[in-house]
2 protein chains.
Amino acid sequence: MMDERQIFNDYIKSEGLKGTSQRAAVLDVFLGTEGHVSVDDMHRMLSRRKLKVGYATVHRTMKLIAQCGLARQVRFNDGITRFEHQYMHEHHHHLVCTQCGKVIEFNSDRIDDAEKIILRKYGFLMHSHRYDVFGLCKECQNKKAGSSVKSG
Amino acid sequence: MMDERQIFNDYIKSEGLKGTSQRAAVLDVFLGTEGHVSVDDMHRMLSRRKLKVGYATVHRTMKLIAQCGLARQVRFNDGITRFEHQYMHEHHHHLVCTQCGKVIEFNSDRIDDAEKIILRKYGFLMHSHRYDVFGLCKECQNKKAGSSVKSG
DNA sequence: AGTATATTGAAAATGACTTTCATTTTCGAG
DNA sequence: CTCGAAAATGAAAGTCATTTTCAATATACT
Ligand SMILES: [Mn+2]
Ligand SMILES: [Mn+2]
Ligand SMILES: [Zn+2]
Ligand SMILES: [Zn+2]
């Protein structure tokens, strides 16, 4: 099991790119995150740590981190691209609460099986997929129910 | 079974909005489409028909068409919002060929069942969902296989 | 060390929308 | 009908995430 920094550095080298302190800093901060982080999130976290890395460079580095397989891009419907760990993290799908923004991750063997059947049926070669469900989490449903009881 | 223009006009009226030739033209063109059309596509089709409708108005009208339930917004990963018919069209998911751009629509009772189980498990109230598979369609796989045989 | 090559980051550009606002159109009351 | 309040239009400007530009700087082979 290879170290994540190793994977990144190997990728950098294999592409004829160069190692820089900025890239190391961005990777470092990303490795400390969990969940779904935007470039803006990353840039803010770096600043908080007194690591001055330009916005464009954060962007460019996150792209590299995704390209080498350490991260996966995730896009819900708010126009912001986020990144989540992909290395040593099981693939999963998302339940996105449109009220509070919470994201629940889920897996389903049934869905995986159903997908295989679909792919076979259409002779489609899958590279990636996403299954996002938008709605209300349990808590937000309760809040809404509570408020409508009070007002109704 | 209500006529689509009727649904649109009723919605317009119910919202205190006004009927205009531009709105009629946009709806008319949309009703003649199938598949997944962008605002740009719509604007182009309208121009081709000598119907001069401003870009912003096409945008605004497509939003109304979606709001009244005639269309559904679809976003793949190219940053462009498209619209597809929703009225009298079964809900479905997509296989998107990243090579030729073709979009295959599919349905799966197995997936629907699996989804119900997931929603129950997390107590999540779904408003909408999307399941997009990205990869290569059968034809593009064959093309790729053919070319690698020639060159290899 | 020296040098070719890649990187950085501030600022400008991009591109898909969205908003602004002066002008035009709609539609229901009179 | 005819008016006029209210809404719609569209050209142009604004937004906002992301991408590109390019002069200055850093990196990594010899
Ligand atoms: Mn996730
Ligand atoms: Mn579709
Ligand atoms: Zn919630
Ligand atoms: Zn294809």
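Throughout, protein chains are lettered first and strands after them, A, B, ... in sequence-line order, and every chain is numbered starting at 1. Note: hydrogens, waters and symmetry copies are ignored here, and every other heavy atom, side chains too, is used. Just so you know, these numbers come straight off a predicted model, no measurement behind them.
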Phosphate OP1/OP2 of dG10(D): any Thr57(B) side-chain N/O under 4.0 Å: yes
Side chains of His59(B) and His43(B): donor-acceptor distance under 3.5 Å anywhere? no
Gap between atoms CZ and P, on Arg60(B) and dG10(D) respectively (whole Å): 8 Å
With a 4.0 Å cut-off on heavy atoms, is Lys13(B) in touch with a base, just the backbone sugar-phosphate, or nothing at all? nothing
Can you list the steps and then say if Phe76(B) with His94(B) is a ring-ring contact (aromatic ring centres under 6.0 Å, His included)? CA-CA 9 Å; Phe76(B) 300 130; His94(B) 298 110; 5.2 Å; yes
Apply ring-ring contact (aromatic ring centres under 6.0 Å, His included) to His91(A) and His93(A), showing your working. CA-CA 7 Å; His91(A) 179 70; His93(A) 298 293; 5.0 Å; yes
5' priority, DNA chain C, between Arg23(A) and Gly19(B) [closest heavy atom]: Arg23(A)
Nucleotide dT26(C), atom C1' - distance to NZ of Lys18(B) in whole Å: 5 Å
Rounded to the nearest angstrom, tell me the gap between atom CG in Asp41(B) and atom P in dC17(C). 11 Å
With a 4.0 Å cutoff (strictly under), does any side-chain N or O of His59(B) reach OP1 or OP2 of dC17(C)? no
Taking atom C1' of dT8(C) as reference, at what distance in whole Å does atom NZ of Lys63(A) sit? 15 Å
Reckon Gln22(A) has a side-chain N or O less than 4.0 Å from the OP1 or OP2 of dG9(C)? yes
Are Thr20(A) and dT8(C) close enough that a side-chain N or O sits under 4.0 Å from OP1 or OP2? yes
Say whether His89(A) and Glu34(A), considering side chains only, have a donor N or O and an acceptor N or O under 3.5 Å apart. no
To the nearest angstrom, how far is Asp78(B) atom CG from dT19(D) atom C1'? 16 Å
CZ of Phe83(A) versus C1' of dT18(D): gap in Å, rounded? 11 Å
Describe the nucleic acid contact of Val53(B) in one word from base, sugar-phosphate, nothing, applying a heavy-atom distance below 4.0 Å. sugar-phosphate
d(CD, Gln73(B); P, dA16(C)) in whole Å: 15 Å
Less than 3.5 Å apart, any donor N or O on the side chain of Glu115(A) or Tyr131(B) sitting next to an acceptor on the other? yes
Check every strand shown and say whether Thr81(B) touches a base, only sugar-phosphate, or nothing at a heavy-atom separation below 4.0 Å. sugar-phosphate
If each of Gly16(B) and Ala56(B) is mapped to the nucleotide of DNA chain D with the nearest heavy atom, which maps nearer the 5' terminus, i.e. the 5' end? Gly16(B)
Would you kindly give the CD1-to-P distance between Ile80(A) and dT19(D), to the nearest whole Å? 14 Å
